[in-house]
Amino acid sequence: MAQTDAWIERFAGLSRLEPAVKDLLLARSRILTVPSGTVVFGPGKSPENMLFLLDGTVRVQQVSDTGREIVLYRINAGESCVLTTACLLAYDDYSAEGIAETDVQAAAVPRDVFDELVAQSKSFRSFVFAAFSKRITDLFLMVDEVAFQRVDVRLAQKLIALSGGADSIETTHQKLSVELGTAREVISRQLQEFQRRGWIAQSRGTVTLLDRAQLENLADKNI
């Protein structure tokens, strides 16, 4: 786990804050530890803290009324949550859920401290809005991918990304459909086509990459 006595130094923008602002953040924050699988926040709940992730990964996903899911983004160590930021700024409730994909450690800064610093500290405000704007740009790119890019191209890109250079990926058709924001049946058909071409092999809970070069060639296509 990360060293908690100087957690601010893990965030480039925060490490440049004035000493008085740093002291306030350290004095008023607390360190939270939650196990893998925990729902960190969910729809209809109001954020009480700004969260700065120190260790682990949190998956932020949207669930429709019909049960369809789509992964919006992931929060990794050294990042804050743009949805939490938006809800704090607008005094609104969450509209999506955040789930700890690993054991997670985070620094929690109370809402009143967040409000005070956004109002009074230009450097803290700049940090908040810089992180916010970057994530919003990422979300627009995701919308563009879901709306306009071919599923086979996106699936090839996702398989390569999830493999991390390895030959096997522990995943399911359902998990891939959530990652790509499409129906499980669509993913199943496309994986079957990849298998027919000899690019992958499938077994329960595992996809094995047999021809990475062909997948990479498809993933590089600009549609």
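Numbers for residues simply follow the sequence, beginning at 1. What you see below is based on every heavy atom in this structure, not just the backbone, and it leaves out hydrogens, waters and symmetry mates.
Between the side chain of Gln62 and the backbone N or O of Ser95 there is at least one donor-acceptor pair closer than 3.5 Å. With hydrogens and angles ignored, the 3.5 Å screen pairs a side-chain donor or acceptor of Thr102 with a backbone N or O of Thr57. Looking at Asp55, its side chain never comes within 3.5 Å of a backbone N or O of Val104 through a donor-acceptor pair. Judged by distance alone, the side chain of Glu79 and the main-chain N or O of Asn76 form a donor-acceptor pair under 3.5 Å. Between the side chain of Thr206 and the backbone N or O of Ser203, no donor-acceptor pair lies under 3.5 Å. Side-chain atoms of Arg59 never come within 3.5 Å of backbone atoms of Glu101 as a donor-acceptor pair (strictly under, hydrogens ignored).
Separation of atoms CD (Glu179) and OG1 (Thr171) is listed at 7.0 Å; rounding is to 0.5 Å. Rounding to the nearest 0.5 Å gives a distance of 8.5 Å between CG of Asn49 and CG of Leu88. Interatomic distance, CD1 of Ile200 versus CD of Gln202, reported as 4.5 Å (0.5 Å rounding). Expressed to the nearest 0.5 Å, how far CG of Asp152 lies from CD of Gln190 amounts to 4.5 Å. Interatomic distance, Gln157 CD to Leu180 CG, rounded to the nearest 0.5 Å: 9.0 Å. Going from atom CG of Leu210 over to atom CG of Leu215 covers 9.0 Å, rounded to the nearest 0.5 Å.
Linking Ile, Leu, Val, Met, Phe, Trp and Tyr residues whenever their side-chain heavy atoms come within less than 4.5 Å places Ile169 and Val153 in a single cluster. Both Val118 and Val109 are members of a single hydrophobic cluster when ILVMFWY side chains are connected at heavy-atom separations under 4.5 Å. At a threshold of 4.5 Å between side-chain heavy atoms, the hydrophobic network of Ile, Leu, Val, Met, Phe, Trp and Tyr places Val39 and Val34 in two separate groups. Grouping the Ile, Leu, Val, Met, Phe, Trp and Tyr side chains by contacts below 4.5 angstrom, directly or via other members, places Val186 apart from Val71. Both Ile8 and Phe124 sit in one connected hydrophobic cluster of ILVMFWY residues. Membership requires side-chain heavy atoms under 4.5 Å apart, directly or through other members.
The two residues Leu209 and Ala166 make their nearest non-hydrogen contact at CD1-O, 4.3 Å. Between Ile160 and Ser163 the shortest heavy-atom distance is O-OG, 2.7 Å. Of all heavy-atom pairs between Gly205 and Thr172, the closest is CA-CG2, 4.4 Å.
With hydrogens and angles left out, the side-chain atoms of Gln61 and Glu97 include a donor and acceptor closer than 3.5 Å. Ser80 and Arg135 share no donor-acceptor pair across their side chains, judged by distance under 3.5 Å alone. Residues Ser123 and Glu18 have side chains that bring a donor and an acceptor to within less than 3.5 angstrom of each other. Checked by atom type, the side-chain pair Ser46/Tyr94 shows no donor-acceptor distance below 3.5 Å. Neither side chain, Glu185 nor His173, offers a donor N or O lying under 3.5 Å from an acceptor on the other.
A salt bridge links Glu193 to Arg197: one of the charged nitrogens lies within less than 4.0 Å of a carboxylate oxygen. Between Arg28 and Asp112, at least one side-chain nitrogen of the basic residue sits less than 4.0 Å from a carboxylate oxygen of the acidic one, meeting the salt-bridge criterion. A salt bridge is absent between Glu9 and Arg16; no separation between the charged side-chain nitrogens and carboxylate oxygens falls under 4.0 Å.
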*Mind running side chain to side chain contact (heavy atoms under 4.5 Å, CB included) on Val40 and Leu51 for me, showing each step along the way?*
CA-CA 10 Å; Val40 181; Leu51 298 177; 4.0 Å; yes
*Test Tyr73 against Leu83 for side chain to side chain contact (heavy atoms under 4.5 Å, CB included), laying out the working first.*
CA-CA 10 Å; Tyr73 58 90; Leu83 182 59; 3.3 Å; yes
*Hey, mind stepping through Leu32 and Gln105 against side chain to side chain contact (heavy atoms under 4.5 Å, CB included) and telling me if it holds?*
CA-CA 6 Å; Leu32 305 177; Gln105 188 179 63; over 6 Å; no
*Does the pair Asp93 and Phe41 meet the rule for a side chain to side chain contact (heavy atoms under 4.5 Å, CB included), with working shown?*
CA-CA 10 Å; Asp93 293 339; Phe41 55 78; over 6 Å; no
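No side-chain heavy atom of Thr38 sits under 4.5 Å from any side-chain heavy atom of Ile99.
Annotation: side chain to side chain donor-acceptor pair (under 3.5 Å) contacts involving residues 124-134, sequence neighbours excluded, comprise Lys134-Asp138.
Note: Phe11 and Trp7 have perpendicular aromatic rings, judged against thresholds of 30 and 60 degrees for the angle between ring planes.
Listed by chain and number, the hydrophobic cluster partners of Tyr91 come to none, as no ILVMFWY side chain reaches under 4.5 Å of it.
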